[in-house]
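Note sheet for the following structure.
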Amino acid sequence: MRSLYVRITATFALIAFFSSLLGLLVTSLYYEFSLKSQNERRMADVGETIKQLYERYPELELESVYLPAMAKLGYQLYLVTEDGRTVAFGSPFKHGSLSVGQVDTVMNGRVYNGMGEENRRLELIAYFENSVRNTIGIPLATDVGRAALFIRPDLKQQIGEVRLIVAALLLSTFLLSLLLIAVFARYIVAPIKKLTSATKRIVQGQYDTNLETSRKDEIGDLANHFSRMTDSIRRSELMRQEFVANVSHEFQTPLTSIQGYVRTIREESLVTGDSGRYLDIIETESARLSSLSRQLLTLASLDKGDKPPHRAAFRLDEQIRHVLIGLEWLWSEKQLELHVELEEVVAEGDPELLHEVWLNLLSNAIKFTPAGGTIGVRLRRRADSIEAEVRDDGIGIAEEDLPYIFDRFYKADKARGRHRNGSGLGLSIVSRIVAIHGGTVEASSRLGEGSVFTVLLPAGG
Ligand code: ADP
């Protein structure tokens, strides 16, 4: 992932790189238009002084004393005598040589200005070019004839340390600022990361976002609005939960009395024909509504907390066995084959809620497996978790439905209406209960081949 952190650091590195290039260009222009002519003038002056001094004291040995001494003062010199001999003094020239024309010009008494030549490259870089061409040429009259003396400052000698100091300064500034931006980019990104994790918590229904809102900048603003938004979501979520709980509760009482009356009517009078069928319908429908409102109530109470309301250590294998026994009339009626493999496992959690998990998973397996099919239940202890698996070779779940089966009221394959009895709430209750126990539930399935539901609970909690 290209994170914001990497982006900021990379952007800074690019900015630093391009501004260095731009800085070089600007400095070069400054040198070209302001310093270059001064520099040339100074070099011409130096050349002229060297020449005058020599002409004044011609007894000085030119090649063995005078020019080596001048070189020591910080210049590179290149002497061409009339008979074509060349001698260099001071640090050697690295590259470039003079054309015959250039040498002749000086021999004929004219000053050669190689430093002032129009350069195609950046002037600043040209200034550092250590070549014989990049010199000032001065005609010299010696006791053995004419000569041409080419001279340029020996930069290594004159500004050697300064050059190193400036280079070290620039490099360390660049590297240090890279390092600092890498460190500080974390501070820039940190509040955004906090917001992201707060958003994730809200998605999971945890509204305890503790965002620092004292900052006065845009991030502070964002955090402020975010906190207000969280508050309003929390309030409306609470209202929703209360509403569902109240409605389900209000439903429960009349439904119970309807069921009661139906049973009484049936017991007290012998009802036959259509009326009997109607009573059957009233009974099953009210039973269905009653179980729906019971499930809604369960969900509403589960939504309120993040932790199981009661905690106890109990034998999970025994609980699952009880559920299987309780459902026996259902699986034996359908003549389902049962494969049970339960290790002795002690779990810690709310027994009543976990009972609901196995009940839902196993009744689904029974409900969605045709007569004669097979159902498997396995409970195992893993290194740091408990794994329960409910498997069936029933009708399976289509790939496009699979991601949604844990959503509230989601029923796969509604078009075929193959399970009118379901509410679509069972699996959402399962996933909520498992979540508040700190576990996970996953489903894998193939249409027509069966399904596997795997519950992982933390060992001992
Ligand atoms: P319902 O009350 O409809 O069973 P659930 O939440 O328990 O609601 O399940 C949601 C949907 O997931 C079901 O409607 C069904 O389509 C699918 N489903 C759940 N368990 C199984 C299973 N063992 N085999 C096939 N489909 C299943």
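Here, residue 1 is the first one in the sequence, and each next residue gets the next number. As the structure lists them, so they are numbered: ligands from 1, and atoms in each ligand from 1.
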[X] and [Y] ion-paired at < 4.0 Å:
| X | Y | answer |
| --- | --- | --- |
| R380 | E343 | no |
| K411 | D401 | no |
| D280 | R266 | yes |
| R432 | D303 | yes |
| R378 | D317 | no |
| R234 | D231 | yes |

Which of the ligand 1 atoms, numbered from 1, are nearer than 4.0 Å to a heavy atom of [X]:
| X | value |
| --- | --- |
| I405 | 10 (C), 12 (O) |
| K367 | 1 (P), 2 (O), 4 (O) |
| Y410 | 10 (C), 11 (C) |
| G426 | 5 (P), 6 (O), 7 (O) |

Do we get R186 above Y5's six-membered ring, with its NZ or CZ under 6.0 Å from the centre and within 45° of the axis?
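Yes.
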Might you work through the salt bridge (Lys or Arg N to Asp or Glu O under 4.0 Å) test for R321 and E318, ending with a clear yes or no?
CA-CA 5 Å; R321 210 167 280 123; E318 277 175 12; 5.6 Å; no
Mind checking whether [X] has a heavy atom under 4.0 Å from ligand 1?
| X | value |
| --- | --- |
| F406 | no |
| G396 | yes |
| N360 | no |

Should the proximity of S451 to ligand 1, defined as any heavy atom under 4.0 Å, be assigned to the side chain, the backbone, both, or neither?
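It is the side chain that touches ligand 1; the backbone stays farther off.
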Quick check: are there more than 12 heavy atoms from other residues, nucleotides or ligands sitting under 6.0 Å from CZ of R446?
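12 or below, so no.
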For [X], is at least one N or O under 3.5 Å away from an N or O on ligand 1?
| X | value |
| --- | --- |
| F368 | no |
| S428 | no |
| G424 | yes |
| I397 | no |
| N364 | yes |

Just going by heavy-atom distances, which of L447, L425, D392 is nearest to atom 23 (N) of ligand 1?
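When every heavy atom of L447, L425, D392 is considered, D392 comes closest to atom 23 (N) of ligand 1.
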